[in-house]
Protein chains: 2
Amino acid sequence: MSRPIPVARRLSKAWLRGACVPYTARRAFSAQVTGSRTTDITALKVNQDRLMETLHQTCSWGTGKRWGSGPNDTGMSRLALSDTDKQARDWFVETTSSLGCHVKVDAMGNIFAVRPGRREGLATFAGSHLDTQPSGGRYDGILGILAGVEMLKTLKDHQAETEFPVGVVNWTNEEGARFPISMCSSGVWAGDIPLETAYNLREVGGGTATMRSELERIGYLGSIPASHKSTPMAAHFELHIEQGPLLEAEKQKIGVVHGVQAYRWFMVDVSGRDAHTGSTPLGKRADAMLLAARLITHSHRLATKHSAVASTGILSLTPGSTNTIPGHVRFTLDVRAPADSTVEAIEADLKRDFAALAAGENIQGLLDGATPSLPLEVSWRTDSVSPATLFHPDCIAAVRASAEAVTGDKSLVRDMTSGAGHDTVYASRHCPASMIFVPSKNGVSHNPEEYTSPEDCALGAQVLMQSVLRFDSMRASS
Amino acid sequence: MSRPIPVARRLSKAWLRGACVPYTARRAFSAQVTGSRTTDITALKVNQDRLMETLHQTCSWGTGKRWGSGPNDTGMSRLALSDTDKQARDWFVETTSSLGCHVKVDAMGNIFAVRPGRREGLATFAGSHLDTQPSGGRYDGILGILAGVEMLKTLKDHQAETEFPVGVVNWTNEEGARFPISMCSSGVWAGDIPLETAYNLREVGGGTATMRSELERIGYLGSIPASHKSTPMAAHFELHIEQGPLLEAEKQKIGVVHGVQAYRWFMVDVSGRDAHTGSTPLGKRADAMLLAARLITHSHRLATKHSAVASTGILSLTPGSTNTIPGHVRFTLDVRAPADSTVEAIEADLKRDFAALAAGENIQGLLDGATPSLPLEVSWRTDSVSPATLFHPDCIAAVRASAEAVTGDKSLVRDMTSGAGHDTVYASRHCPASMIFVPSKNGVSHNPEEYTSPEDCALGAQVLMQSVLRFDSMRASS
Ligand SMILES: [Zn+2]
Ligand SMILES: [Zn+2]
């Protein structure tokens, strides 16, 4: 085969403003550019049909709940390090290897597939995750990985050569759905989560498997350390569905993500006293479920007051019998806001008001019309603190330039802050990073009906590839 | 051995007022009455030490959670038809047989132990249940059976002979904790619950066992029909812990139970939409957990308004992930009031207000300070309807007379309505029946720390025995 094409050599600052930037090519890689050694970075096109076909094929591993009658109208249930996650991983390793990548697996099962460039150096990565929520969809995480693979295929199709290596990384257990720390393995890579903490995470739902035992079981306990020191990256770009309603509501196509909201996860324990529902008058109760219901109701009021969001996604109670007043309830509270200071303020309000409500104080009329009860106790555990993250201006600029070039219409491009955490947050602590959002139908995510149109998926994949190539060019030129 | 003593022959109406009534005895049964053929019905005394020792011994089958350091400071977890329930049943059969009873087991595993009287006829029963809540105590149900056995022992000690047979009945799966219909097998006996419904009840928590398969497995699928027609009773008395705080609060010792509150059990389903907690603004949510919290908060307000009680003892949500807004919540609602009409009125209010709250209407300020959300749906299923029950005046009178005689102080005796359902409710549909309550420490029940002092247990057992004997005497005299 003839030698690969260098995609870019020199870039002026013009590309940062979205201009079409010339680059040198040893030989043309498409009919349009035949005979030209200088061509348009935008001429490399991902293949929408191939992208979507491959995406849906990989969704045969861990297919979830059916919600419609179409062949792909099913969700996903591919928990991290499950048998179906292993199948998706095996496919990823085989496919990227066959596309000319060197594949490395680290001690957390993160898989780094690197395609060599003209020069030695760190790779610019496209990254995301192949694991899903137990009742998730076909796009969250999966699209980011599949778009990365499509980038590799497109580069190979055109025998395109990048200046430095480019790669795709699959991060382990991003969802935190099976092993309850989200972005767990990029967190270990970043040095923010101790390896032992991650290894000892036990699967939720009472099973005995740990992350370590499952990594070992499915053959993804890699030999290289899970660390940004062992596997540094030049940059990290992530294409992801928005998981929110804004792009769709504004009829826009691409979100240029400037950073991620701050959030904190709490576990709240409410302790009262088990008692018989029939023989215990309202005034003699310490009803943990009733207090929990009031606390959740109140958390929403406080979120409204602070222009933040608060959510309870897990609640369990004991003993759990129709005719027994629960003596104990435990629930999660997920609090998010664009600024760290807002999250801190709402946390302080929540702690003050929850204690007051437990003691029987009427906060904002919540106890109006209620029978005073015995006092209860509320205790808090902080499970996760994620400060607000600001992405790197170079990466943000690369994404914006690519988005404007690909869409050809600035009004279709939106600057955004991500409400959800992503592996890019941890990546961004040790390399320049940014993200690209594409619309989520009805803003729905973590749901089988999660949907992004093939056109939007391909548009996002195109912006992802261009962002990686632009960043690579920028490095070469600097 | 010499021939047994007839406990009673003729009774005037005087005993109904608590007078000490003479009866004929062939020979004296205690030192105090030696040489006398006419003695006091109150002279038969249960043995407190033996009662409590035996009770705690039987609690070695199915011992539950430890809550204190004393030898008996553990709760009970003896689910119906479990291996430990079988052990308790085997003990009951052996013990009552050895005390001279004929023992019959019906098709629901109800065990009827009958001690012959001087004459043929239906037996007057003391009845309750040996099964417990998963996190129950040592007294609920157990005390009633153990007091019945202590009655049989006391009668045997004194070779006392009743006019008609007396017996003890252990009803299967009263708690409804393992197989989710409470008072299940007295309900079948009464003809209110179809045998097939009971047989097909599947154990809660996802197991595959049914009541029928478990009855068969532990050898208690009896050959006689479970029916009041096959096993009629002359009367049914039940000694039970109050499971509420009133006797203790008023420093009283015996509750004369006139009937049982009406109650209805509902299953409420709240349907919204799963969505990501971080990327879904409050206004774009259909948060099933938030709505459920408001509904539970509101159910308490309505209960207060109607002087009723409402309780949520089970709540489950899906999908159950910290960062996913639950799209679906299901919870139980247990509503009780002394009158059927009150329960009907609160049900109507609940259904109207729940629908309004789901549609976003602000009921009683519950949505003050909240962000309006997308509409949700609420659906209802009625799982149980138990009308108010009034016990039989003869049995109530027998209990009151016995309670006054045993305590010697009318002020220690309280007329009550039971908040909880009991097997006596079903029994009362086909024979005269009543109940006796003894104090529950702190009103606590369905909890390992459920406690009634040995003195109060024995006092209750004494009243139970006297009530049975008084009823037997009354029949003989009428
Ligand atoms: Zn994701
Ligand atoms: Zn009971």
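All heavy atoms count here, side chains included; hydrogens, waters and symmetry mates do not. Chain letters run A, B, ... following the sequence lines, proteins first and then strands; every chain starts at 1.
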Heavy-atom distance under 4.5 Å between the side chains of [X] and [Y], does that happen here?
{"X": "B:V309", "Y": "A:R285", "result": "yes"}
{"X": "B:Q261", "Y": "A:S279", "result": "no"}
{"X": "A:N442", "Y": "B:R273", "result": "yes"}
{"X": "B:M289", "Y": "A:T312", "result": "yes"}

With a 4.5 angstrom heavy-atom cut-off, could you sort out which part of [X] is near chain A: side chain, backbone, both or neither?
{"X": "B:A288", "answer": "neither"}
{"X": "B:N323", "answer": "both"}
{"X": "B:K305", "answer": "neither"}
{"X": "B:Q133", "answer": "side chain"}
{"X": "B:L317", "answer": "side chain"}

Pairs of heavy atoms under 4.5 Å with chain A: top-ranked of [options]:
{"options": "B:T324, B:L315, B:T332, B:D383", "result": "B:T324"}
{"options": "B:P245, B:G365, B:P319, B:G443", "result": "B:P245"}
{"options": "B:R336, B:H300, B:Q364", "result": "B:H300"}
{"options": "B:H298, B:R294, B:E450", "result": "B:R294"}

Heavy-atom pair count under 4.5 Å with chain B, highest-scoring of [options]:
{"options": "A:G421, A:S440, A:G369", "result": "A:G369"}
{"options": "A:V444, A:T280, A:L290", "result": "A:L290"}
{"options": "A:A370, A:S135, A:A249, A:A275", "result": "A:A370"}
{"options": "A:I325, A:T322, A:L367, A:D368", "result": "A:T322"}
{"options": "A:D287, A:I296, A:L282, A:L246", "result": "A:L282"}
{"options": "A:T417, A:L366, A:V204, A:T318", "result": "A:L366"}

| query | With distance as the sole criterion, is a donor-acceptor pair present between the side chains of B:S445 and A:H276 under 3.5 Å? | reply | no
| query | When you check the side-chain N and O atoms of A:T371 and B:R301, is any donor under 3.5 Å from an acceptor? | reply | no
| Which atom of A:S321 lies closest to which atom of B:I314, heavy atoms considered | N-CG1, 3.6 Å
